[in-house]
Each structure stands twice: as structure tokens, then as C-alpha cells.
Amino acid sequence: MKKITWNTENIMAVLFFAAAFIFPMIFGDYTIDNFANFYVTILISLSITLIWGFTGVFSFGQAVFYGLGAYTYAIISIASDGSLTIPAVLAAVAVAALAAAVLGYFIFYGRISNAFTGIITMSVATVMELFMTQTSDGKWKIFGVPLGGFNGLNKIPAISIADFKFRGTAFYLLVILILLAVFFFVKWIEKSNFGYALFGIRENKLRSEMFGYDVAKLQTVIFSISGALAGLAGALFASWSGYVVPSNFSVATSTIAVVMVAVAGRKNITGTMIMTWIYCWFTQKLAATGSEYSQLILGVILIIAVLFIPDGVMVALFKKLDTLPGKLSQRRGG
Amino acid sequence: MQVGYDVIYFIYQFLVSTSFLILAALGMAIIYGMMDITNMAQGEFMMLGAYTTVLLVNRAGCPFVLAVLCGTVVTALFGGLCDRLIIRRLYGRTLDSIVVTWGISIILQQLIYILFGPDLEGISTPFGSFKIGSVSYSVYRIMLIGIAVVLVLGFYLLFKLTKFGLHSRATMQNREIASAFGVNTYKINSLTFMLGSALAGLVGSLYAPLMGITPTMGTNFLTESFVTVVVGGANPLAGTVLAGTGLGLVEGTLSIFYGTFIGRIGILLIAILSIRVLPNGFSGLVERNSIRRKRR
């Protein structure tokens with residue numbers, strides 16, 4: 001077991017999860033229900049960090065896998081009349097992982113340049129959305145569940161074990177526990193040899209290849225893992241909201257997550273989690289001014305962040321705080 | 001006789017698909033091939049051209065041809081502005097350029113939505129149509145096929161015969177050496193980006209009568225242009241024309257039998273499969289053949 005260093009980042013991570021467990025004691029049911037969705041968005045952010053921050057591949061595929069996860073959960077849970085919700089979540093993760101593996105196989109073994117990965121995944125997302133939109137015709141059925149076209153699927157049963165339904169605060173706590181598990185999983189990847197191989201690919205693909213790493217395989221594997229995470233987020237969203245629509249496939253769903261990863265620092269998961277949470281909270285507070293401008297603001301923030309703070313705001317902040325005690329004691333000594 | 005009509009209809013459909021693919025992809029291919037920048041906002045630049053045209057025709061009563069010209073110029077200027085403020089800082093940062101141009105596309109979509117709402121009243125297709133057998137053919141679409149041919153030829157001559165073409169090809173091959181020989185590579189890049197934007201504006205304006213005018217209409221172009229550029233590879237002209245023709249054949253055929261949506265999915269699948277077989281696209285194929293010929 002490696003020793004944990006108590007730098008600002010790790011302290012913030014502990015505080016972040018501690019706060020998450022304390023919130024239900026402070027806020028009312030309605031607020032907590034809303035918060036649950038924030039943490040689902042954070043899951044998407046983490047899945048983007050894995051593929052973009054760790055491996056250096058920019059992809060809009062998260063929207064595809066998120067949508068697939070949401071639809072898979074919806075179809076299985078509706079078809080089983082709410083009795084197979086846990087298997088539905090697992091199936092959602094599996095379908096998303098498989099789809100990511102297949103798409104990743106073509107992208108990474110085809111040695112497509114990074115530039116095109118973004119557009120390919122975006123096109124796939126657009127086509128999926130279009131496809132789902134035109135399924136309103138009754139002949140589009142899976143397991144006897146009509147796909148519903150533009151209106152999507154409604155009245156999706158919530159996740160349940162035996163007779164206990166995860167709704168409200170119970171669902172919130174479930175999401176937090178899942179997020180905690182995912183957080184440790186991502187942290188483990190970050191410190192493992194697998195993670196270091198990914199960083200190697202990010203910094204220089206050719207060099208990694210020359211060292212004997214199977215770059216395409218590693219990329220496909222991490223793409224599939226990140227797809228699975230997005231699928232999980234999709235399933236949780238479907239259970240939380242009770243509906244899925246074709247626009248769940250649209251790139252716009254993952255816009256917030258992408259921007260937050262870019263702004264917070266794409267290599268830093270704690271910063272990303274905190275940043276995503278803060279943004280979700282802000283948009284909720286500013287909801288009165290309408291979401292019309294939120295996309296506009298997101299776009300501007302994204303451009304400014306990438307141009308001027310490529311390492312990320314949160315990373316810079318953590319660094320400042322890390323060196324602060326040293327500076328203070330220096331001043332006192334001098 | 002009926003077979004003859006069918007053949008004419010098939011050729012028409014094929015050329016319509018091909019010209020759309022080539023026109024949609026040309027600007028993006030030039031920016032990607034010359035500057036190694038993937039412009040995710042290319043579709044939104046086309047949307048900008050289309051909006052300018054439609055607004056000028058509908059609200060100012062401007063003649064269509066003049067409006068198309070204005071759409072082209074406005075988009076070119078906007079592209080120049082983007083290059084000055086943003087793109088210029090990203091030369092050589094391929095991955096960041098995708099993210100930032102995507103940011104530009106979000107802003108443009110939302111800005112247009114805020115200014116003009118979810119859609120605009122379209123303009124009618126000019127020049128009418130004629131009939132061969134029982135099928136009617138649009139004169140305007142046939143003109144677009146002609147415009148695609150003229151543009152490809154024009155750009156071929158531009159890159160082969162002019163000084164700008166020579167300098168930009170030099171920059172494309174090796175930026176450092178070109179600039180050591182006194183080529184102002186920044187200026188070449190700026191001009192290339194403006195050229196790509198102007199093309200986007202022109203194509204957006206030209207297709208304005210044929211499409212729904214919405215803030216997200218650019219996404220319709222993006223899939224098509226991406227597919228063509230990916231299959232075409234780095235050579236902006238030869239690659240794009242070959243890929244456009246091949247994919248046009250697939251899309252045209254599928255559209256006739258199964259409708260446009262299946263046609264669209266078809267070319268996306270073909271594109272994803274073809275990068276597995278031809279990683280450098282048709283350009284790679286062309287280059288390999290020309291090298292082989294020289295060796296002989």
C-alpha cells in the first residue's frame with residue numbers, strides 16, 4: 001500500500017465526499033433529489049477525464065454511450081415491469097462498454113488521427129439521435145417495448161432491490177456510493193502501470209509504441225471503460241428522471257461535462273468533480289435567467305480556458321494552496 | 001424507354017449526392033489538409049452563410065445571387081476574425097483546436113438561436129424544374145453539380161498555378177523549411193482559414209433554399225463533410241473528389257431504395273469501415289500510386 005500524501009487535492013476529495021454525505025441532513029428532499037443529478041453529471045465528467053485527460057483522446061462518444069445506457073436501462077426495466085432493475089443497470093453498462101469497444105476498435109486500430117476521433121464520435125451521436133427520433137412508428141420494438149420516437153420512453157421504474165425502491169434520498173446515497181467506488185477505481189488507474197502506460201500514450205504515441213506498448217489495445221480498453229462509466233451514468237439518469245428521449249444522445253448532454261473537465265484541469269479528477277458540482281449548483285441558482293445563455297457562457301468559458309489556462313483552474317488553485325504553508329513559514333522565518 | 005428514364009434518374013441522384021458531399025467537405029478538407037486544424041465549427045460557418053442569405057432575401061428583398069455573395073463574404077470575414085482572435089494561437093495544437101472550434105460552434109448556435117429563434121422561414125428554390133418521363137428534376141440542383149465541378153477545378157488551378165498555391169503547398173509539406181525560405185506561414189494560414197470559411201459560407205448560402213433554416217442546421221453538413229474528409233485523407237482536392245464520388249454512389253443508391261436516412265447511416269458505416277482498410281484515405285492510395293509511377 002502506497003502512502004497517501006495529504007496535499008490539497010486529497011484533502012479536497014475527502015471534504016467533497018464528506019459534504020456529500022452530510023447534505024441530506026441539511027437540505028430538504030427536493031434539493032437532495034436535484035443534487036443526485038449533479039453527481040450523475042460528475043460521473044460523465046470522470047468518464048471524460050479517463051479518455052481525454054489520461055489518454056489524450058478527445059471524444060464526443062460519451063453522449064452515445066450515455067444514451068445507450070439510458071435506453072438499455074429503460075427498455076429492460078419497463079419490459080420486466082420493474083422487477084429486473086439491477087440487471088438492467090448491469091446490462092446498460094455492458095451494452096455501453098461493448099459499443100465503445102466496437103467503435104474504439106475501428107477508431108484506434110484504424111489509427112485515425114486524434115483530430116478525427118472527435119468528429120467520428122460526434123457523427124455517431126448525431127446519427128443515433130436521428131435514428132431514435134424516427135422510431136415513433138410502432139414497428140420499432142425491443143422486448144415488446146416501443147421506442148417511442150421523438151417522445152422517447154416514459155414511466156421508467158426506479159432502481160429497486162426486492163420491494164425497496166431507490167428514490168429521493170435513498171437514490172442520492174446510492175449515487176454517492178457508486179461515485180465513491182468509481183472515484184477509487186479511477187484513482188487506482190491513475191496510480192497503476194496501466195495508467196502510466198496511458199499517460200505515455202497521451203504524451204507521445206509513437207514513443208509508447210516503440211517501447212513495445214500495444215497502443216491501439218490500451219486505447220480501446222480505456223475507451224471501453226470510459227464508455228461503461230457513461231453508460232452507468234445514463235442508466236442512473238433514466239432511473240432518476242423516469243424518462244429517456246432521443247436528445248439524451250445529443251452531444252449537448254455531455255457539453256457541461258466536457259467544459260468542466262477542460263476548465264478544472266483535464267488530468268485532475270478531484271478538481272473536475274468539484275468544478276462540475278459548482279457549475280451545476282450555479283446553473284440551478286441562475287435558472288431564473290433561463291438556460292438560453294448557459295450554453296453561450298459555457299462556450300466562452302471553454303475557449304478561454306483552453307487558450308489561456310490549459311492546465312486548468314482547479315489544478316492551478318490546488319498548486320497555490322499546496323505551496324501556501326511553505327511560503328507562510330518562510331515569511332515568518334525571514 | 002423506362003429503363004432509360006431510370007438510368008437518368010439514377011445518374012441525377014448520384015451526382016446530387018456527390019456534389020453535396022464534395023461541396024460540404026471542400027472547405028473543411030482545405031483547412032484540415034493545409035493547416036492540420038479540424039474545424040468543428042465548419043457546419044456553423046455554413047449556417048452563418050445560410051442565415052445571411054435567407055435574411056437578405058426575405059427581409060431586405062435582395063436578389064438571390066447577390067445574397068449568396070454576401071453570405072460568402074460575411075462568413076469569410078467572420079472566419080478571418082476567428083483566426084485572428086483564436087485559431088492563430090492554436091497552430092500545432094491539434095487536439096486543442098478541436099475543443100476550441102467546438103466551443104465556437106456552441107456559441108454560434110446559441111447566439112443565432114437567441115437572435116432569431118428556433119427557425120427562419122425558408123426561401124423557395126429558384127429556377128424551377130423540368131420533367132423527363134414521369135420524374136421532375138430541379139434545375140437548381142443541376143446547377144449545384146456544375147458549381148461543384150467549377151470549384152474543384154478552380155481550386156486545382158489556384159493551388160497549381162498561383163504563388164499563393166505554391167506557398168501554401170510548401171507550408172503544408174514543411175512549415176519550418178517554408179518559413180526559412182521566406183514564406184510568411186502565418187499569413188498563408190490566415191488566408192487558408194479565410195478561404196475555408198468563405199467556402200463554408202458559399203455552400204451554406206447555396207443550400208439555404210434546400211434546407212430547413214435552423215440554428216443547428218450545421219450538424220447536417222458536419223456528418224457529410226467529416227465522412228468525406230476522413231475517407232478522402234489529407235489531400236484536399238484529389239482525396240475529396242474521389243471520396244465524394246465513391247460515397248455519393250453509395251448514398252445515391254441507398255437513398256433511392258431506402259430513403260435518405262439509411263443513405264446517411266450507410267456512408268457513416270462505410271467511412272468507419274474504410275478507415276480500417278485505407279487508414280490514409282484515398283489520398284494515401286493516390287500518393288502510393290504516383291510514387292510507384294515515378295520509380296518506374
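Values below: all heavy atoms of this structure, side chains included; hydrogens, waters and symmetry mates excluded. Every chain is numbered from 1, with letters handed out A, B, ... down the list of sequences.
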Worksheet item: chain A: which of Thr101(B), Ile86(B), Val99(B) shares the most heavy-atom pairs with it under 4.5 Å?
Response: Val99(B)

Discussion item. Using a 6.0 Å cut-off, check whether atom CZ of Arg88(B) has over 12 heavy atoms from anything other than its own residue.
Written reply: yes

Worksheet item: Are more than 12 heavy atoms from other residues, nucleotides or ligands located less than 6.0 Å from atom NZ of Lys205(A)?
Response: yes

Practice prompt. State, yes or no, whether a side-chain contact exists between Ile104(B) and Ile303(A) at a heavy-atom distance under 4.5 Å.
Written response: yes

Item to complete: Answer with side chain, backbone, both or neither: which region of Phe308(A) has an atom nearer than 4.5 Å to a non-hydrogen atom of chain B?
Response: side chain

Worksheet item: At a heavy-atom separation under 4.5 Å, does Ile107(A) approach chain B through its side chain, its backbone, both, or neither?
Response: neither

Discussion item. Counting only non-hydrogen atoms closer than 4.5 Å, does Leu90(B) touch chain A with its backbone (N, CA, C, O), its side chain (CB onward), both, or neither?
Written reply: side chain

Practice prompt. Test Ile107(B) against every option in Leu302(A), Val300(A), Ile297(A) by the side chain to side chain contact (heavy atoms under 4.5 Å, CB included) rule and name the one that passes.
Written response: Val300(A)

Practice prompt. Kindly check if the number of other-residue, nucleotide or ligand heavy atoms within 6.0 Å of OH (Tyr213(A)) is above 12?
Written response: no

Worksheet item: Taking only heavy atoms into account, what residues of residues 44-58 of chain A are found under 4.5 Å from chain B?
Response: Trp52(A), Gly56(A), Phe58(A)

Worksheet item: With only heavy atoms counted, which part of Val258(A) is less than 4.5 Å from chain B, the side chain, the backbone, both or neither?
Response: side chain

